2 protein chains.
Amino acid sequence: MTRQRKTILEIIKTSNEHMTAEEIYLKAKKVMPSIAMGTVYRNLGLMTEAGEIRRIPIPDSPDRYDKSVKPHEHMVCQECGEVHDVFIDGLLEYLRQSTGAEITGYDLNLRFICENCRRKDTIQGHR
Amino acid sequence: MTRQRKTILEIIKTSNEHMTAEEIYLKAKKVMPSIAMGTVYRNLGLMTEAGEIRRIPIPDSPDRYDKSVKPHEHMVCQECGEVHDVFIDGLLEYLRQSTGAEITGYDLNLRFICENCRRKDTIQGHR
DNA sequence: ATACATGCAAAGAATTTGCAGCTTG
DNA sequence: CAAGCTGCAAATTCTTTGCATGTAT
């Protein structure tokens, strides 16, 4: 484990956001200005494969990285793009039963409007 | 509605596959050799917005286009990439209830191994 | 030492866009 | 004819990769 990998992992594990590779790169650069984008992507790939972090693909948006590897889902605000975690117990079982297929995994993105954006919308609506 | 849009729509509506933009482009080119990739993408975008067809984003794979606009899910074979349709009644309601959030929509990709690939795997396993 | 990781820069894949000219209603 | 669409090519965005050098064990 190199200095750069440790730095990247640290950034992810201490953040509560779901950051893009670029956001992680920028944070890493503050601590280690010589780090390269390629290094960030390579390490994100390796750590994802190793099961240390989780990669979250989101349609029409760069992938995010999640410090938590425990099964949970993601709600993406359709206005600001923020990603929230949400737990749905037994979802895999539900999907297997309702499809009747041996589902080996899935990607799920839920869309919603977060509190912040809902508030803004309301205010604008009243103008 | 132009000749090219009609051609593209026709290709999608008469196919049973879930084609990528490029596959659609190649089929269109056979009928109308002068058609441009940009035209295909533009029309796919317009027709998706208009609700005539559906766009299916799949992680690490180009988007596919679906002739059916009725709610249904997609199972992607993790070996060959083929996309199958599957209906899950009441899934949106289920997701709303189990998250407790006003889910406005979602993208779901189920992973599985299709019959063909399962067969191949078994044969290879016996060698 | 030696195996692997880095920085850099170039390449890649998928998709979008600017623009001048052509179609369609 | 006006509005919108096309073909072409260049541009964008996100991510991967080749390679010479550097680093960890």
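Chain identifiers are assigned alphabetically (A, B, ...) following the order of the sequence lines, protein sequences preceding nucleic acid strands; residue numbering begins at 1 within each chain. Both backbone and side-chain heavy atoms feed into the values below; hydrogens, waters and symmetry mates do not. As the structure is a prediction and not an experimental result, all values here were calculated from the model.
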State which of C:dT24, D:dG7, C:dG7 makes the closest approach to the side chain of B:R3.
C:dT24
Side chains of B:E73 and B:Y106: do they bring a donor and an acceptor to under 3.5 Å?
yes
Nucleotide D:dA10, atom C1' - distance to CE of B:M37 in whole Å
16 Å
Any non-hydrogen side-chain atom of A:Q78 less than 4.5 Å from a side-chain atom of A:I113?
yes
Would you classify A:Q4 as touching base, sugar-phosphate or nothing, given that sugar-phosphate means primed atoms plus P, OP1 and OP2, and contacts are heavy atoms under 4.0 Å?
sugar-phosphate
Can you tell if the side chain of B:Q4 reaches within under 4.5 Å of the side chain of B:M32, non-hydrogen atoms only?
yes
Can you measure A:I35 atom CD1 to C:dC8 atom P for me and round it to whole angstrom units?
11 Å
Do B:R42 and D:dG4 have a side chain to base donor-acceptor pair shorter than 3.5 Å?
no
To the nearest angstrom, the CG-P distance between B:D60 and D:dC14 comes to 15 Å
With no hydrogens and no angle check, just 3.5 Å: does a side-chain donor-acceptor pair link B:D66 and B:H18?
yes
Side chain of B:A36 - closest among D:dG7, D:dT6, D:dC14:
D:dG7
Starting at atom CD1 of A:I24, determine the distance to atom P of D:dC14, rounded to an integer number of angstrom.
14 Å
Atom-to-atom span, NZ of B:K6 to P of C:dT24 - whole angstrom
9 Å
Selected nucleotide, minimal atom distance to A:Y41 side chain, candidates D:dC14, D:dT17, C:dT15:
D:dC14
What is the distance, to the nearest angstrom, from the OH atom on A:Y25 to the P atom on D:dT16?
16 Å
Protein-nucleotide distance (A:N43, atom CG; D:dT16, atom C1'), rounded to Å:
14 Å
Proximity to the side chain of A:A21 - top-ranked nucleotide from C:dG7, D:dT6, D:dT15
D:dT15
Salt bridge B:D85-B:K70, side-chain N to carboxylate O under 4.0 Å:
no
Value in whole Å for how far the P atom of D:dC5 lies from CE of B:M32:
15 Å
Which of the following nucleotides, C:dG7, D:dG7, D:dC5, is nearest to the side chain of B:R5?
D:dC5
Quick one: is A:T2 getting a side-chain N or O under 4.0 Å of the C:dA5 phosphate, OP1 or OP2?
no
